*Asks:* 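Sharing a structure with you now.
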Amino acid sequence: MSLRSIRSSHLFLLCVASLLIFQPVSIARAQAFVGRPKLVVIIIIDQFRGDYLNRDRAEFKDRGFRLFMNEGAWFTDCYYDYANTKTAPGHATIGTGAYSDGHGIESNEWWDASRSDEAKVSSVQDERYQLVDIPASSIPANAPGARPDSAKFLIGASPLNLRASTLGDELRLATQGKAKVFGISLKDRAAILPVGQSANGAFWIDNASGQFTTSTYYMPHLPEWAHAFNTSGRIAEAEREAKAEGTTQFYNLVGRTPAANSYEFDFAKALINGEKLGQRGVTDLLTISLSANDIQGHRLGPDSDSEEAMIVALDRQFDQFFTWLDHNVGLNNVWLALTADHGVAPVPREAAKLGIDSAMVNLDKLYENLEKELNQRHSPGGHVQYLMPAPELPYIILNKHAFEKAHVGEQAAEEELAALLPDAVAAQNPSPMPASGTAEPSQQRLPPAPQVAGVYTRLQMENGPLPPTEWGRELAHSYADHGNWFVMLVLGAYQMEDVRSWGATTHFSPWSYDRHVPLAFYGQPFLPGEYHERVAPVDLATTIAAELGINFPSAAVGRVLTDALKPVHSQSQ
Ligand SMILES: [Zn+2]
């Protein structure tokens, strides 16, 4: 913000302050928030790397991505400043302007000893609530041959693990609850985490039927407009578009196609109309997380023809949605922001063809060998489970009860595992090279070899010491505590767990391809241009909060991107 704009905003504050002195409290409160714009829409593309916009820009038309790239403020070099690039932490970061050490979400699911030793919990799972208006056929108790003790309802969800307020929370606080705040996605975590605790609602789909649902945390039943959407025939239309008529796997089969994005946009339109967003004399906020790119991207990778087709289709879908917004709310009255929750690695097989050391690590075998070694050391001849199963990298969770039984404390246990990991990973055979393909690796180059770039214990992450470098800062930002002992494992660049059984590539690491995402703004306060300054997704919530004149979210560490803001006096009212 320029000096002049700071002065003019100070003048404005002085005027407001003098009004406050003489007005009754209720009137003063109504005047304290200027109510501009009518609607803020934050669009999050699930798994979308920052380089895609450059790569495919020749294909873009009209007011799709070009609305941001040509008429908005487009930051080409936006990188997450943490090392756990997963969906739940990414969405929480966008909403809160904080990292895992601030918002408390470090993974999609984790072991939480205070809740269960039997199963992991998801980042938003909350047994105190139930899912709303789920079709009977999607409830386990109704499945053919279901056990008599099968659940008669489905466990609900909430932002219970989110430890920081969001941009939406601050907008609700600033307007005494008058602003409405909603989140939409195919995935529960991606609908809930960007909008936070005070949101009016978050909507996601029942994976089997594709019907939108929510949790009793927000409301006992779907609003009439949402019920009407679910029964409108729109599901069948999406299934036809995706060539998956009558499927009972809507999330997998429709969710991985462009049809899922237009399905979400149509639900967003129904929500904006149904809740009269942007039509009530106050600023409302909607976040839309588009899941299709992630569901497809894991299977086919970032460089496939299908990825390009998805992006080009999304460009057209943006054009349609923004045109609809223009007709119904007026783009003059709307601020838009675009970003993603994480990037993705190239398919290892494809990178290996170019000679890149992109090995895969078989986690089952790695765990088997580690357990063998730990048993030999602490319970010779036994079969004690020293590691909690179902790992989700980058974290490896220790079974603290087993170590405690062996009289090994947290520091010793974590340090022992950290010391074992480099050799255990390196001992894995290099991944077999592709059997077919046009570009075989050069005979002079070594085959990919699994390797560890770093292992960090929980105690080290909580209390230091970490390297006094950017790398160390990224690690510190990745820390959240759910009562477990753990180590954080960083594999070599372009390396990952063996994903061949369920897909082709993934994202989870501190390497640049996982952290690079787009960041762009469109609307009255933003100075159009292409900006190459290094920025981060935490800057989204703080920049919008600053322009709205409201508080930053409670744990926000983002900056205000002043280069991309018009001076306050030149913004049209
Ligand atoms: Zn994601």
Side-chain angles (χ1 to χ4, degrees), residues 42-53 78-96 99-100 103 105-110 120 122-125 157 159 161-162 183-195 202 204-205 207 251-252 255-258 260-261 264 287-302 304 306-307 310-311 314 337-347 392-395 477-478 480 496-497 499 502-519 536-538 540:
I42 298 173
I43 297 171
I44 303 162
I45 312 176
D46 202 313
Q47 189 191 120
F48 196 91
R49 233 172 35 200
D51 58 319
Y52 294 175
L53 292 183
C78 178
Y79 287 82
Y80 277 91
D81 195 31
Y82 64 5
N84 47 318
T85 42
K86 308 279 284 194
T87 294
H91 282 82
T93 295
I94 293 162
T96 61
Y99 290 109
S100 298
H103 57 59
I105 307 288
E106 83 281 21
S107 205
N108 291 339
E109 47 183 40
W110 51 73
K120 293 162 92 174
S122 95
S123 58
V124 292
Q125 175 183 326
N161 292 305
L162 197 63
I184 293 175
S185 178
L186 298 191
K187 306 180 181 182
D188 53 5
R189 57 185 178 273
I192 291 169
L193 296 173
V195 287
W204 58 93
I205 63 161
N207 287 351
Y251 179 88
N252 287 330
R256 70 187 187 206
T257 72
N261 287 334
E264 285 196 57
T287 68
I288 305 171
S289 170
L290 300 164
S291 311
N293 219 63
D294 186 68
I295 303 169
Q296 172 185 265
H298 277 292
R299 297 175 64 242
L300 302 171
S304 68
S306 304
E307 177 61 47
M310 176 80 82
I311 293 170
L314 183 55
L338 173 73
T339 191
D341 59 341
H342 49 75
V344 71
V347 171
E392 188 174 327
L393 291 183
Y395 303 99
H477 283 164
S478 311
M496 62 189 71
E497 67 184 281
V499 291
W502 52 272
T505 186
T506 193
H507 50 84
F508 69 101
S509 81
W511 303 111
S512 65
Y513 49 80
D514 278 344
R515 293 189 293 116
H516 189 195
V517 292
L519 180 65
V538 287
L540 189 157

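Read the numbers this way: they start at 1 and go in the same order the structure lists the ligands and their atoms. These numbers come from the heavy atoms of this one structure, side chains and all, not from hydrogens, waters or symmetry mates. All of these numbers come straight from a predicted model, not from anything done at the bench. FYI, the numbering just counts along the sequence from 1.
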*Asks:* Measure across Leu162 and Ile105 and return the closest heavy-atom pair with its distance rounded to 0.1 Å.
*Replies:* CD1-CG1, 3.9 Å
*Asks:* Once salt bridge (Lys or Arg N to Asp or Glu O under 4.0 Å) is applied, do any residues pair with Glu109, and if so which ones, sequence neighbours excluded?
*Replies:* Lys120
*Asks:* Only one of Thr257, Leu300, Asn261 clears side chain to side chain contact (heavy atoms under 4.5 Å, CB included) with Met310; which?
*Replies:* Asn261
*Asks:* If you measure only the distance, is there a donor-acceptor pair under 3.5 Å linking the side chains of Asp341 and Thr87?
*Replies:* yes
*Asks:* I want to verify a count. Protein N, O or S atoms less than 2.8 Å away from the Zn ion (ligand 1), how many are there?
*Replies:* 4
*Asks:* Under 30°, 30 to 60°, or over 60°: which ring-plane class applies to Tyr82 and Tyr99, parallel, tilted or perpendicular?
*Replies:* tilted
*Asks:* Look only at the side chain of Asn84 and the backbone of Glu106, and say whether a donor-acceptor pair between them is shorter than 3.5 Å.
*Replies:* yes
